[in-house]
Amino acid sequence: MNLILLGAPGAGKGTQAETICGRLHIPAISTGNIIREALKSGTEMGKKAQSFMDKGELVPDEVVIGIVKDRLQQDDCKNGFVLDGFPRTIPQAEALDKMDVTIDKVIEIHVPDEQIVARMSGRRVCADCGASYHMLYKKPKVAGKCNFCGGALVQRTDDRPETVRARLKEYHTKTEPLKDYYQKQGKLAVVEGQEEVADTSRLTLAAIEA
Ligand code: ADP
Ligand code: ZN
């Protein structure tokens with residue numbers, strides 16, 4: 001199954017991508033994680049992306065389209081994949097439609113803006129492996145430490161409230177039109193983000209299996 005997760009920054013796409021991965025045994029592809037990795041290893045692409053990311057703006061289409069095109073050609077995508085954070089603009093969706101894959105379903109995790117800003121303040125990531133946590137909703141086993149590698153949990157610089165507002169604005173103007181785009185293709189399902197992660201996961205899996 002080839003899936004797309006849509007949703008505002010901080011709506012919980014990454015967490016749901018992990019759930020789907022575990023259930024369907026298909027890879028989750030997060031453009032945000034791929035870009036942050038490139039940034040950490042200091043590649044040209046990473047350097048180019050950083051200034052946009054720091055301002056809460058989207059990275060140029062041609063950069064992310066290239067990333068996804070390469071990633072989807074890898075062997076582990078043969079039996080399906082879940083895209084987390086791509087496409088985020090109409091041109092990205094059109095480029096994806098031209099790649100050699102058919103999208104089966106698009107799930108939007110819907111969370112109202114006021115809740116997004118509050119949630120983001122509690123979000124933390126592992127400085128070493130990038131795993132994500134939340135101080136209220138997805139606590140690590142040991143406070144401040146990553147479950148997988150023991151790395152320190154830090155706040156992403158783009159999770160600061162000023163940047164979150166900029167990201168939300170980008171979301172509403174550039175990404176939200178994708179709902180219509182996929183609705184017209186008959187592929188869109190909307191899941192209301194719940195207080196408890198497990199409840200959202202149940203709804204997400206039900207939407208996929210429907
Ligand atoms: P979130 O979903 O919480 O916003 P991500 O980790 O998916 O976080 O994305 C972080 C940043 O990476 C975005 O604000 C943007 O700058 C960049 N980015 C990730 N995916 C894309 C994309 N498909 N198009 C453009 N920029 C992207
Ligand atoms: Zn870690």
Side-chain angles (χ1 to χ4, degrees), residues 4-18 28-40 45-72 82-96 99 106-111 113 115-117 119-134 137-138 140-142 144-178 181 193:
I4 291 173
L5 282 173
L6 271 185
K13 294 185 297 289
T15 306
Q16 292 311 315
E18 283 169 25
I29 299 167
S30 157
T31 41
N33 285 350
I34 296 173
I35 298 168
R36 275 186 293 278
E37 277 302 314
L39 218 142
K40 237 176 29 184
M45 187 271 276
K47 282 182 214 148
K48 213 170 139 192
Q50 179 152 35
S51 58
F52 296 97
M53 241 171 160
D54 285 348
K55 285 184 280 189
E57 289 169 14
L58 294 181
V59 170
D61 286 335
E62 62 274 16
V63 176
V64 275
I65 289 168
I67 292 175
V68 171
K69 209 170 187 171
D70 289 346
R71 183 65 188 84
L72 291 182
V82 44
L83 284 170
D84 160 19
F86 183 94
R88 265 177 150 113
T89 64
I90 296 281
Q92 289 178 24
E94 287 169 350
L96 181 62
M99 292 178 208
V106 179
I107 316 264
E108 188 217 357
I109 313 287
H110 178 256
V111 174
D113 281 12
Q115 277 180 40
I116 295 279
V117 181
R119 276 193 197 209
M120 296 292 251
S121 62
R123 188 152 92 158
R124 296 292 180 273
V125 293
C126 171
D128 294 335
C129 77
S132 72
Y133 297 87
H134 194 283
Y137 307 116
K138 202 182 167 197
K141 292 190 188 111
V142 178
K145 286 206 167 130
C146 177
N147 290 351
F148 305 104
C149 76
L153 304 189
V154 298
Q155 182 171 45
R156 265 166 50 178
T157 53
D158 64 344
D159 276 353
R160 289 185 294 229
E162 347 45 290
T163 319
V164 169
R165 284 193 200 96
R167 286 161 66 195
L168 273 172
K169 204 167 146 221
E170 288 279 80
Y171 176 74
H172 290 304
T173 55
K174 296 180 184 160
T175 309
E176 226 169 9
L178 291 179
Y181 183 90

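Atoms within each ligand, like the ligands themselves, are counted from 1 in listed order. The shown structure was predicted, so the numbers you read here are calculated from the model rather than taken from an experiment.
Taking a cutoff of 4.0 Å between a charged side-chain nitrogen and a carboxylate oxygen, Glu18 and Lys138 qualify as a salt bridge.
Ala49 and Ile35 make their closest contact through CB-CG2, 3.5 Å (heavy atoms, listed as atom of the first residue, atom of the second, distance). Of all non-hydrogen atoms in Lys48 and Val63, the two that sit nearest each other are NZ-CG2, 4.0 Å. Contact record, Lys145 with Pro140: O-CB, 3.1 Å, taken as the closest heavy-atom pair.
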Name each donor-acceptor pair under 3.5 Å that joins a side chain in residues 121-130 to protein atoms two or more places apart or in another chain, with its distance.
| residue | atom | partner | partner atom | Å |
| --- | --- | --- | --- | --- |
| Ser121 | OG | Ala118 | O | 2.7 |
| Arg123 | NE | Asp159 | OD2 | 2.9 |
| Arg123 | NH2 | Asp159 | OD1 | 3.2 |
| Arg124 | NH1 | Ser121 | O | 3.0 |

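Evaluation of the salt bridge (Lys or Arg N to Asp or Glu O under 4.0 Å) rule for Lys169 yields no partner, not counting sequence neighbours.
Interatomic distance, CD1 of Ile34 versus CG of Leu39, reported as 13.5 Å (0.5 Å rounding).
A side-chain donor-acceptor contact under 3.5 Å links Thr89 and Asp61.
Taking 2.8 Å as the limit, the number of protein N, O or S atoms around the Zn ion (ligand 2) is 4.
Applying side-chain contact (heavy atoms from CB on, under 4.5 Å) to Arg167 and the options His172, Glu57, Met120 leaves one that passes, Met120.
A heavy-atom cutoff of 4.0 Å around ligand 1 is satisfied by the protein residues Pro9, Gly10, Lys13, Thr31, Gly32, Ile35, Arg36, Met53, Glu57, Leu58, Val59, Val64, Gly85, Phe86, Arg88, Gln92, Arg123, Arg156, Asp158, Arg167.
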